[in-house]
There are 2 protein chains.
Amino acid sequence: MPIDLRPSQALRLWHDVTLDLVRDDQPDLSARQLVVLLTVYLEPPPHTVRGLAAKLRVTKPAITRALDTMGRMGLVSRRRDEVDRRNVVIQRTLAGALAVERLGDIIVARHRELPL
Amino acid sequence: MPIDLRPSQALRLWHDVTLDLVRDDQPDLSARQLVVLLTVYLEPPPHTVRGLAAKLRVTKPAITRALDTMGRMGLVSRRRDEVDRRNVVIQRTLAGALAVERLGDIIVARHRELPL
DNA sequence: GTGGATCGTTTCGGGACCGAACTAATAAAG
DNA sequence: CTTTATTAGTTCGGTCCCGAAACGATCCAC
């Protein structure tokens, strides 16, 4: 792992990145939406509503709503699982991949600017 | 600054910390609330509604609402500026300081667990 | 087949938030 | 004083999110 981060640096990093996210025009993602987005893009598929709800320890409707909103934003899409048609698998999109990549760049840049 | 963070590590860090925040029982702070909280606790006083609105590039009512909510949570408090009584200065609280400290600890811990 | 379990979604009442516009209090300028 | 500017808060109509409960679709065991 990288060299240890001190608490003051950690908080400064969180502040700076969050400020960048608040400032840009597009609407902020909630913490729940953000962790759904990152889970879908960082962890191996398949991702289901039930699996995400269990992972985040929130109710299923909360996941459905998050997917509705992020679907409207084009960040994820949904598809029926043809093997077990009760399941819905959450899929990545180009726009979602770009948004995640952009977030990664912001964090890296703000981390690089951190004072010693 | 610490050794460079790779984008994949940065995103993993953001995911892990946000997941911790989503999982604990207390209600999630919005991005706006979080950056207000961190600004108040990281940057030198005094902090005013107007100053925060300018810094975040959001409207004043958004700041007033964020302060209302965080005030109810005990994370910040407000006081009239006695010198210029039009101003309201945002003050730190013990509960707010503890919450910020806890966030710092989470980030540091998750950062330490990051894979190489 | 039939009953029960397991999916994701929808409904419901309630609360939080949004920006634009407005108000009330205070300060500063003339 | 009186006007003008500045500050924080409030009002407004609208949107979004919350968890509990109910729902329809699907799978599985018998």
Side-chain angles (χ1 to χ4, degrees), chain A residues 18-19 21-37 39-40 45-92 99, chain B residues 18-19 21-37 39-40 45-92 99:
Chain A
T18 308
L19 182 56
L21 297 179
V22 167
R23 276 178 167 169
D24 73 23
D25 43 355
Q26 52 224 32
D28 302 335
L29 293 181
S30 71
R32 291 178 179 189
Q33 290 166 346
L34 191 54
V35 69
V36 165
L37 183 70
T39 298
V40 168
H47 301 285
T48 66
V49 172
R50 170 146 186 75
L52 290 169
K55 169 172 175 161
L56 305 206
R57 298 177 193 161
V58 299
T59 59
K60 279 182 298 176
I63 301 296
T64 295
R65 281 187 296 261
L67 293 175
D68 288 344
T69 301
M70 291 194 293
R72 262 178 263 132
M73 296 179 184
L75 299 177
V76 295
S77 71
R78 280 185 272 204
R79 199 192 50 189
R80 275 283 159 200
D81 178 358
E82 289 305 329
V83 176
D84 182 343
R85 294 189 49 76
R86 290 172 301 179
N87 290 330
V88 162
V89 289
I90 292 93
Q91 298 184 288
R92 302 171 185 172
Chain B
T18 308
L19 182 57
L21 297 179
V22 166
R23 276 177 167 170
D24 73 22
D25 44 355
Q26 50 224 34
D28 301 335
L29 293 181
S30 71
R32 290 177 181 192
Q33 291 166 346
L34 190 55
V35 69
V36 165
L37 183 71
T39 298
V40 168
H47 300 285
T48 65
V49 173
R50 169 161 171 65
L52 291 168
K55 170 173 173 159
L56 307 204
R57 296 176 195 163
V58 299
T59 59
K60 277 181 299 177
I63 302 296
T64 294
R65 281 188 297 261
L67 293 175
D68 287 345
T69 300
M70 292 194 293
R72 264 179 309 228
M73 295 179 184
L75 299 176
V76 295
S77 71
R78 280 184 271 204
R79 199 192 51 187
R80 274 287 158 196
D81 179 357
E82 289 304 329
V83 177
D84 182 342
R85 294 188 49 76
R86 291 173 299 182
N87 290 328
V88 163
V89 292
I90 292 93
Q91 298 185 287
R92 303 170 186 175

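Quick note on labels: first sequence line is chain A, next is B, and so on, each numbered from 1.
Looking at heavy atoms from C-beta onward, A/H47 lies out of side-chain contact with A/V89 at the 4.5 angstrom threshold. Side-chain contact between A/L52 and A/K60 is absent, with no heavy-atom pair separated by less than 4.5 Å. Side chains of A/P27 and A/M73 form a contact here, defined as non-hydrogen atoms less than 4.5 Å apart. With a 4.5 Å cut-off on side-chain heavy atoms, B/L37 and B/V76 count as touching.
Judged purely by atom type and a 3.5 angstrom limit, B/R80 uses its side chain to pair as donor or acceptor with the backbone of B/R86. Under a 3.5 Å cut-off, the side chain of B/R92 and the backbone N or O of B/V40 do form a donor-acceptor pair.
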Sequence-aligned protein contact record of nucleotides 10-25 of chain D, with B where the base is within under 4.0 Å of a protein heavy atom and S where only the sugar-phosphate is = B-----SSBBBB----

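Across all strands shown, B/V83 has heavy atoms under 4.0 Å from sugar-phosphate atoms exclusively, and none from any base.
Mapping A/E82 and B/R80 onto DNA chain D via the closest heavy atom, the residue that lands nearer the 5' end is B/R80.
From the 5' end on, the contacts that DNA chain C makes with chain A at under 4.0 Å to a non-hydrogen atom open and close at C/dT6 to C/dT10.
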Check the pair B/T64, B/D68 against side chain to side chain contact (heavy atoms under 4.5 Å, CB included), reporting the backbone distance first and the verdict last.
-> CA-CA 6 Å; B/T64 294; B/D68 287 345; 3.9 Å; yes

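Summarising the local packing, CZ of B/R23 is surrounded by more than 12 heavy atoms from other residues, nucleotides or ligands at distances under 6.0 Å.
As rounded to whole Å, 12 Å separates atom P of D/dT6 from atom CG of B/D84.
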